[in-house]
Amino acid sequence: MSSSRTLSRAPLARATATSVASSLVTVQTNGAGFTDITRELAAFVAEAQAVDGGLTVFVRHTSASLTIQENADPTVLADLTTVLNRLAPENAGWRHDTEGPDDMPAHVKTMLTSVSLQIPVLQGRPALGTWQGVYLIEHRARPHRREVVLQFIGTTG
């Protein structure tokens with residue numbers, strides 16, 4: 001069976017990582033939901049004068065997480081919230097409930113998603129697709145102050 005797919009690859013680009021830039025972004029959430037942090041990442045990359053390399057995004061919490069998702073249709077985020085709530089409902093008989101009924105489900109949701117992302121930086125921009133945005137996901141019901149560490153390693157101009 002043959003495939004009609006055609007593959008192509010851009011020429012290889014090489015660079016020696018000569019710079020490390022780091023910053024801390026504080027995000028005040030409104031409670032459970034998605035907060036788009038894509039612009040903050042792009043601003044950090046521009047301020048770091050990044051050219052080519054890697055951008056690490058890391059959230060310093062166990063009840064919030066990060067994801068790359070569609071940034072055009074908000075119903076995608078609503079549906080993702082529904083899925084996470086079905087996978088880790090508050091009323092599942094959790095033993096850990098010291099901080100409230102939403103705490104253990106928040107830990108499970110974080111485990112199912114991610115606390116760090118690695119995004120390539122190419123020609124001075126995060127190499128995200130047309131419809132991709134980077135989101136902090138707050139898994140707790142009440143507002144929280146979340147810290148996101150940004151670190152670029154690569155070449156600068």
Among all residues two or more places apart in sequence or in another chain, which pass the side chain to side chain contact (heavy atoms under 4.5 Å, CB included) test with Gln118? Thr56
Do Val57 and Leu41 have side chains that approach each other closer than 4.5 Å (heavy atoms only, starting at C-beta)? yes
Under a 4.5 Å side-chain heavy-atom rule over Ile, Leu, Val, Met, Phe, Trp and Tyr, are Leu80 and Leu112 clustered together? no
Euclidean distance, Asp103 CG relative to Arg140 CZ, rounded to 0.5 Å: 4.0 Å
Smallest separation among heavy atoms of Val45 and Leu55, with atom names: CG2-CD2, 4.0 Å
Min side-chain heavy-atom separation Val51-Gln123 under 4.5 Å: no
Got a sec, which pairs hit salt bridge (charged side-chain N to carboxylate O under 4.0 Å, His left out) with one end in residues 45-68, sequence neighbours left out? Arg60-Glu147
Begin with the C-alpha distance, continue with both residues' side-chain angles, and end with the deciding distance and a verdict on side chain to side chain contact (heavy atoms under 4.5 Å, CB included) for Tyr135 and Ile37. CA-CA 6 Å; Tyr135 295 89; Ile37 61 171; over 6 Å; no
Cluster check Leu84, Val76: I/L/V/M/F/W/Y, side chain < 4.5 angstrom: no
Quick check: closest heavy atoms across Leu66 and Thr113, and the distance to 0.1 Å? O-CB, 4.4 Å
Heavy-atom nearest pair, Trp94 first then Ala88, reads CZ2-CA, 4.3 Å
Side chains of Val27 and Arg145: does their closest heavy-atom pair fall under 4.5 Å? no
Spacing of Arg9 atom CZ and Leu12 atom CG [to the nearest 0.5 Å]: 6.5 Å
Taking the side chain as everything from C-beta on, heavy atoms only, tell me whether Thr67 gets closer than 4.5 Å to Phe34. yes
Between Leu136 and Ala64, which heavy-atom pair has the shortest distance, and what is it? CD1-CB, 4.4 Å
Side-chain H-bond candidate by donor/acceptor type, Ser63 with Arg146, under 3.5 Å: yes
Considering all heavy atoms, the nearest Ala127-Ile119 contact: N-CG2, 4.1 Å
Measuring from Thr110:OG1 to Glu138:CD, what's the distance to the nearest 0.5 Å? 8.5 Å
Would Thr81 and Val83 count as a side chain to side chain contact (heavy atoms under 4.5 Å, CB included) here? Give the steps. CA-CA 5 Å; Thr81 298; Val83 167; over 6 Å; no
Evaluate the ring planes of His96 and His107, with Trp represented by its six-membered ring, and classify them as parallel (under 30°), tilted (30 to 60°) or perpendicular (over 60°). tilted
CE/Met104 to CD/Glu99 distance, rounded to the nearest 0.5 angstrom? 11.5 Å
Starting at CZ of Arg142, measure out to CG of Asp102 and round the result to the nearest 0.5 Å. 8.0 Å
Working to the nearest 0.5 angstrom, can you tell me the gap between His61 NE2 and Ile137 CD1? 14.0 Å
Enclosure of Asp73 CG (heavy-atom neighbours >12, cutoff 6.0 Å): yes
Provide the closest heavy-atom pair for Gly53 versus Phe152 in the form atom of the first, atom of the second, distance. CA-CE1, 3.8 Å
Evaluation steps, side chain to side chain contact (heavy atoms under 4.5 Å, CB included), between Val108 and Leu87: CA-CA 9 Å; Val108 173; Leu87 291 171; over 6 Å; no
Walk me through it: do Lys109 and Ser65 pass the test side chain to side chain contact (heavy atoms under 4.5 Å, CB included)? CA-CA 8 Å; Lys109 292 171 187 177; Ser65 59; over 6 Å; no
Linked, directly or transitively: Leu128 and Phe44 (ILVMFWY side chains, under 4.5 Å): yes
